[in-house]
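Just the heavy atoms: all of them, side chains too, but no hydrogens, waters or symmetry mates, feed the values below.
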Amino acid sequence: DLPVWLQYPPLLRARLDRSKPPPPGETPLRGALSIGEVDLPMLSSRSLDLRLDAAPNRLAVRSPVRIRVPGGEVQVGPMILRDLMGPGPSLRTGLSLDSLDLHPLLARVWSNPVQGSLEGRLEPLELTGNRISSQGILRARVFGGEIVLSRLGASGIFTPAPVFRLDARW
């Protein structure tokens with residue numbers, strides 16, 4: 001069962017406090033999405049089973065999803081997709097890496113991959129319209145030292161010339 005709850009016109013933002021559960025009478029619909037096999041570049045082929053909650057113009061995956069990648073595992077989520085019927089749908093999630101080995105990951109895309117590891121957490125990680133923003137840090141242990149990345153983001157991501165931004169310390 002794939003739950004979807006669309007409401008038009010969308011709820012007024014003043015009435016929708018996103019940090020609280022839906023008001024009485026708007027109990028989330030519960031369901032699931034099962035995909036037999038996902039085969040994407042750089043990801044191990046695997047099945048995907050997600051438990052979903054739907055509320056007016058919102059869809060949520062409450063449990064984090066663990067994704068195997070060359071060199072380790074990435075945890076994504078929980079995920080909340082909001083304003084499905086509004087002018088600018090948004091996705092709020094998180095990303096967590098725990099000592100991801102960079103060599104096997106980069107060997108597939110770079111002829112001279114580096115040895116090292118990557119760890120950290122970006123939460124929240126938000127995609128709104130044409131823009132991605134994040135809080136948190138990623139720490140790369142490479143080249144005999146450490147590089148700390150924060151405030152990662154991008155704008156114009158669905159255009160021919162996206163603009164990426166980050167703060168870096170080494």
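- At a threshold of 4.5 Å between non-hydrogen side-chain atoms, the residues D53 and L29 do not count as touching.
- Closest approach of L59 to A54, counting heavy atoms only: CD1-CB, 4.0 Å.
- Inter-residue side-chain proximity for I80 and L91 is flagged as unmet; no heavy-atom pair is nearer than 4.5 Å.
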Check residues 162-170 and write down every donor-acceptor pair under 3.5 Å in which the side-chain atom is one partner and the other belongs to a residue at least two apart or another chain.
{"from": "R165", "atom 1": "NH1", "to": "R151", "atom 2": "O", "distance (Å)": "2.6"}
{"from": "D167", "atom 1": "OD2", "to": "R151", "atom 2": "NH1", "distance (Å)": "3.4"}

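- Between Q75 and L97 there is no side-chain heavy-atom pair separated by less than 4.5 Å.
- Shown here are the side chain to side chain contact (heavy atoms under 4.5 Å, CB included) partners of I132, two or more places apart in sequence or in another chain: L125, L127, I157.
- Atom CZ of R121 sits in a crowded spot, with more than 12 heavy atoms from other residues, nucleotides or ligands closer than 6.0 Å.
- For the atom pair OG of S133 and CG of L122, the computed distance is 10.5 Å after rounding to the nearest 0.5 Å.
- Annotation: side-chain hydrogen bond (donor to acceptor under 3.5 Å, both in side chains) contacts involving residues 135-148, sequence neighbours excluded, comprise E119-R141, R139-E146, R141-E146.
- A donor-acceptor pair shorter than 3.5 Å can be found between the side chains of S34 and D49.
- The distance from the OG atom of S150 to the CG atom of L152 is 7.0 Å, given to the nearest 0.5 Å.
- Applying the 4.5 Å side-chain rule to ILVMFWY residues, one finds V148 in the same cluster as I137.
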side-chain contact (heavy atoms from CB on, under 4.5 Å) assessment of R51 paired with R30:
CA-CA 7 Å; R51 299 285 172 233; R30 301 204 186 291; over 6 Å; no
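- The two residues G116 and V142 have their closest heavy-atom pair at CA-CG1, 4.1 Å.
- Contacts of E73 classified as side chain to side chain contact (heavy atoms under 4.5 Å, CB included), with partners at least two apart in sequence or in another chain: R66, R68.
- Using modelled atom types, no side-chain atom of T128 and backbone atom of S90 make a donor-acceptor pair closer than 3.5 Å.
- Applying the side chain to side chain donor-acceptor pair (under 3.5 Å) test to N130 and every residue at least two apart in sequence or in another chain returns nothing.
- The CE atom of M79 sits 13.5 Å away from the CZ atom of R82 when rounded to the nearest 0.5 Å.
- Not a single donor-acceptor pair under 3.5 Å links the side chain of S155 to the backbone N or O of R131.
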